[in-house]
Enquirer: 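Take a look at the following structure, please.
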Amino acid sequence: MTQRVYDTRSRSKRDLVTLEEGKLGLYACGITPYSPSHIGHARQAISFDIIVRWLRKSGYEVNYITNFTDVDDKIISAANEEGIDFLELANRYISDYFNCMDALNVIRADAYPRVTETIPEIISMVSDLLEKGYAYEGGDGVYFEIETSPEKYGQLTGQTLEMVRAGAGGRVDKTGSGKRDHRDFALWKMAKPGEPSWDSPWGAGRPGWHIECSAMSLKHLGERFDIHGGGSDLIFPHHEAEIFQSECCLGHDPVVQYWIHNGMVNVEGEKMSKSLGNFWTISDALEKIDPLVLRYSLINAPYRQPMDFNQVMLEDAKSHHSRLLTCYGEGLSTVGKMDWSENTFLLECSNSLEKGMNDDFNTRTALVEVQSVTKRLRSLLDSGGKKEEIGEYTGWIGEYAGEVLGLLPKDSGVLSTLKSSESKLSDIAPMVEDLLSKREKARASKDWALADEIRDELSEAGVIVEDGSNGVTWRLK
RNA sequence: GCACGAGUGGCAGAGCAGCUAUGCAAUGGACUGCAGAUCCAUGGACCCGGGUGCAAAUCCCGGCUCGUGCUCCA
């Protein structure tokens, strides 16, 4: 089955053909660590994590690179406010990022290059651009000159040079910079007093925002690579600027074969922003929900669609995830994972899941299949189904919900959670059983008031009592 | 204003030419002292107007509405 990938540049799904057969270079723009990571970062990271997992499962040898922009205006001003070094601040939030990613079960990328560790490469790229006549020194910095290659303008956004010229005229003067044209962008910014800086042929300064990614992708993936991704908010101007820089510097195009972009996360229908007070950091979210439930909720829509983060979707994710985990845990502890390749129903499910994932990584379709396998496993477990079948279903879930979607903790974790809740159960069992037998006596004598009172008490204590056709059962909330 | 994208049942959200999406909710039933859980069943949708097709939610044209980008942003 061919992998289809939606490419922002051509605005269509295209068959994935890599530059080198069986190998794939993927660069995804990472974060600027100036504040704690938020759920938008989580969605970006999880989307690409699953894309990488899937491509690897499909047989590609993937080299996955994602960066940190560890020097930038916002980092500097946040560090100044606290009176600390900018790198100290950046490191703090990078470590926050890694903690969150680990919790969310995001597999580490193959490399996490940083701007501050790529300065020589950046300087060399800027020098090249100057030499080739694509850039100029403008007093307070070195700028890329858009007019040198107008045909490259708007490759990702569909805008032309003229449109933007018409739309934003007059802004040049306001910026007060040495730009010749307001659409030109900085490659190197000269340092103002007190700012962190590196020596360069043009004076002490630091890289502009866009050049870092061109330099880092070149360094790690070479002069041409397969996929470049990031949040859809980076399409303009960041990724367009990268196209200018990389293609002009290297002298060929395209440098990037496929551009992919994940959609934004809104909160209760509104754009997430600090000023609206609806800003969710990942740590905030993890205080209220399990990290894997958050992961589940964030892949409940295809990665390109904008998604709304709200109470309903969280509760949905919570109930689905807990059913998935419970079934998997029971399957694991009673039978274990078994080969399912002879099971026609499971084969159909994986076919359909693969079809969805091959069609631009549709995790929503994948979840539908996971739900349907879980449902069947639940009823097998409840009705005392054949061991082989339970094992097959458990194996399927481990493979797809676990390895591909990353929704399950490690098997040892699943089992120990199961055990600890069992031991918790056995601790309180005598007391509960005692109350229940009193309740049974009350029920036998049709003293419903007393029976209900006992049930309510237990409920308040966190024990759910259910009268089934085969007698009374109870479990923890 | 320009660009890009989206408008599907009560809600979330797939499908992108012919075949039940799915989940939650709802309704009816089974079970129950009641509640819950579970099981069975049922109803319900493709923004509007044209066009192409044997056939359109799905393609084309024109509207309308919404979102995002055009300044930093995953």
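So you know, we letter chains A, B, ... as the sequences are listed, proteins then strands, and number each from 1. Any value given below was found using the heavy atoms of this structure, including those in side chains, with hydrogens, waters and symmetry copies removed. Predicted model, so just to flag it, every value in this text is computed and none were measured.
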Enquirer: Looking at A:Tyr6, I'd like to know if the NZ or CZ of A:Arg304 sits under 6.0 Å from its six-membered ring centre while staying within 45 degrees of the ring's axis.
Expert: yes
Enquirer: Run the salt-bridge test on A:Asp102 and A:Arg108 with the 4.0 Å N-O cut-off and return the result as yes or no.
Expert: yes
Enquirer: Would you measure the distance from the C1' atom in B:rU20 across to the matching atom in B:rG9 and give it in whole Å?
Expert: 14 Å
Enquirer: Checking only heavy atoms, does the side chain of A:Asp452 share a donor-acceptor pair with the base of B:rG33 at less than 3.5 Å?
Expert: yes
Enquirer: When you measure from the side chain of A:Asn67 to the backbone N and O of A:Pro113, does any donor-acceptor pair fall under 3.5 Å?
Expert: no
Enquirer: Contact class for A:Arg378 (heavy atom, under 4.0 Å): base, sugar-phosphate, or nothing?
Expert: nothing
Enquirer: Across the strands shown, which category fits A:Gln371 at heavy-atom distances under 4.0 angstrom: base, sugar-phosphate, nothing?
Expert: sugar-phosphate
Enquirer: Looking across every strand, which nucleic acid part, if any, lies under 4.0 Å from A:Thr32 by heavy atom: base, sugar-phosphate, or nothing?
Expert: sugar-phosphate
Enquirer: Decide if the gap between the ring center of A:Phe309 and the ring center of A:Trp280 is smaller than 6.0 angstrom.
Expert: yes
Enquirer: Nearest whole Å is fine: how far is B:rA35 P from A:Arg443 CZ?
Expert: 13 Å
Enquirer: Spell out yes or no: do the side chain of A:His38 and the base of B:rA74 have one donor N/O and one acceptor N/O closer than 3.5 Å?
Expert: yes
Enquirer: Looking at A:Glu315 and A:Lys318, is any side-chain nitrogen of the basic one under 4.0 Å from a carboxylate oxygen of the acidic one?
Expert: no
Enquirer: Salt-bridge test for A:Arg376 and A:Glu389: reply yes if a basic N is under 4.0 Å from a carboxylate O, no otherwise.
Expert: no
Enquirer: Would you indicate what A:Pro237 reaches in the nucleic acid, counting non-hydrogen atoms under 4.0 angstrom: base, sugar-phosphate, or nothing?
Expert: nothing
Enquirer: For B:rG53, give the paired nucleotide (Watson-Crick: N1-N3 plus N6-O4 or O6-N4; G-U: N1-O2 and O6-N3; both under 3.5 Å), or none.
Expert: none
Enquirer: I need the NZ-C1' distance between A:Lys318 and B:rA12, as an integer number of Å.
Expert: 18 Å
Enquirer: Let me know the distance between CG of A:Leu381 and P of B:rA37, rounded to the nearest Å.
Expert: 19 Å
Enquirer: Tell me whether the side-chain N or O atoms of A:Asp316 pair up with the base of B:rC11 as donor and acceptor below 3.5 Å, since no angle test is needed here.
Expert: no
Enquirer: With a 4.0 Å cutoff (strictly under), does any side-chain N or O of A:Lys355 reach OP1 or OP2 of B:rG15?
Expert: no
Enquirer: Tell me: CZ of A:Arg364 to C1' of B:rA21, nearest whole Å?
Expert: 9 Å
Enquirer: Distance between the P atoms of B:rG7 and B:rA14, in whole angstroms?
Expert: 8 Å
Enquirer: Mind calculating the distance between NE2 (A:His239) and P (B:rC70) to the nearest angstrom?
Expert: 14 Å
Enquirer: Does the side chain of A:Glu399 come under 3.5 Å of the side chain of A:Trp340 through a donor N or O and an acceptor N or O?
Expert: yes
Enquirer: Quick one: A:Glu466 CD to B:rC34 C1', roughly how many Å, whole number?
Expert: 14 Å
Enquirer: Between B:rA74, B:rG23, B:rA14, spot the one nearest the side chain of A:Arg323, thanks.
Expert: B:rG23
Enquirer: Under 3.5 Å for both donor-acceptor distances, Watson-Crick or wobble: does B:rG62 have a partner, and if so which one?
Expert: B:rC48
Enquirer: Using atom P of each nucleotide, how far apart are B:rC47 and B:rU8 to the nearest Å?
Expert: 6 Å
Enquirer: Suppose we define a pair by two distances each less than 3.5 Å, Watson-Crick or G-U wobble; what does B:rU32 pair with here?
Expert: none
Enquirer: When you measure only distances, ignoring hydrogens and angles, does the side chain of A:Arg439 come within 3.5 Å of the base of B:rG33 through a donor and an acceptor?
Expert: yes
Enquirer: On RNA chain B, check which nucleotide each of A:Met307 and A:Gly230 is closest to and give me the residue with the more 5' one.
Expert: A:Met307
Enquirer: How far, in whole Å, is B:rC59 from B:rG67 if one measures between their P atoms?
Expert: 23 Å
Enquirer: With nearest nucleotides of RNA chain B determined for A:Asp233 and A:Asp308 from heavy-atom distances, which residue corresponds to the more 5′ nucleotide?
Expert: A:Asp308
Enquirer: Please give, in whole Å, the distance from B:rU68 C1' to A:Gln305 CD?
Expert: 12 Å
Enquirer: Using only atom types and a distance under 3.5 Å, with no angle test, would you say the side chain of A:Trp396 pairs donor to acceptor with the backbone of A:Leu346?
Expert: yes
Enquirer: Across the strands shown, which category fits A:Gly40 at heavy-atom distances under 4.0 angstrom: base, sugar-phosphate, nothing?
Expert: base
Enquirer: Can you see whether A:Thr69 engages A:Asp72 through a side-chain donor-acceptor pair at a distance of less than 3.5 angstrom?
Expert: no
Enquirer: For B:rG53, does the O4'-C1'-N9-C4 or O4'-C1'-N1-C2 angle fall within 90° of 0, making it syn, or is it anti?
Expert: syn
Enquirer: Using the rule for Phe, Tyr, His and the six-membered ring of Trp, do A:Phe236 and B:rG69 stack at under 5.5 Å and under 30°?
Expert: no
Enquirer: Strictly by Watson-Crick or wobble contacts shorter than 3.5 Å, is anything paired with B:rG10, and which nucleotide is it?
Expert: B:rC24
Enquirer: Please state the P separation for the pair B:rG5 and B:rA21 - nearest whole angstrom.
Expert: 27 Å
Enquirer: Under 4.0 Å, counting only non-hydrogen atoms across every strand here, what does A:Arg43 touch: a base, just sugar-phosphate, or nothing?
Expert: nothing
Enquirer: Mind checking the C1' distance from B:rA25 to B:rC11? Whole angstroms is fine.
Expert: 7 Å
Enquirer: Can you tell which of B:rG33, B:rA14, B:rA74 lies closest to the side chain of A:Leu234?
Expert: B:rA74
Enquirer: Take atom NZ of A:Lys13 and atom P of B:rC16, then tell me their distance rounded to the nearest Å.
Expert: 7 Å
Enquirer: Which whole number of Å gives the distance between the C1' atom of B:rG62 and that of B:rU52?
Expert: 15 Å
Enquirer: Could you measure between the two C1' atoms, the one in B:rU38 and the one in B:rC31, and give it in whole Å?
Expert: 9 Å
Enquirer: Any side-chain N or O of A:Arg304 below 4.0 angstrom from OP1/OP2 of B:rC4?
Expert: no
Enquirer: If you go through the side-chain atoms of A:Arg455, does one of them form a donor-acceptor pair with the base of B:rC34 closer than 3.5 Å?
Expert: yes
Enquirer: Have a look at A:Gly356 and say if it touches a base, only the backbone sugar-phosphate, or nothing, with a 4.0 Å heavy-atom cut-off.
Expert: nothing
Enquirer: Using purine N1 to pyrimidine N3 plus N6-O4 or O6-N4 for Watson-Crick, or N1-O2 and O6-N3 for G-U wobble, both under 3.5 Å, which nucleotide pairs with B:rC2?
Expert: B:rG69
Enquirer: Would you say A:Asn362 reaches B:rG15's phosphate, i.e. side-chain N/O to OP1/OP2 under 4.0 Å?
Expert: yes
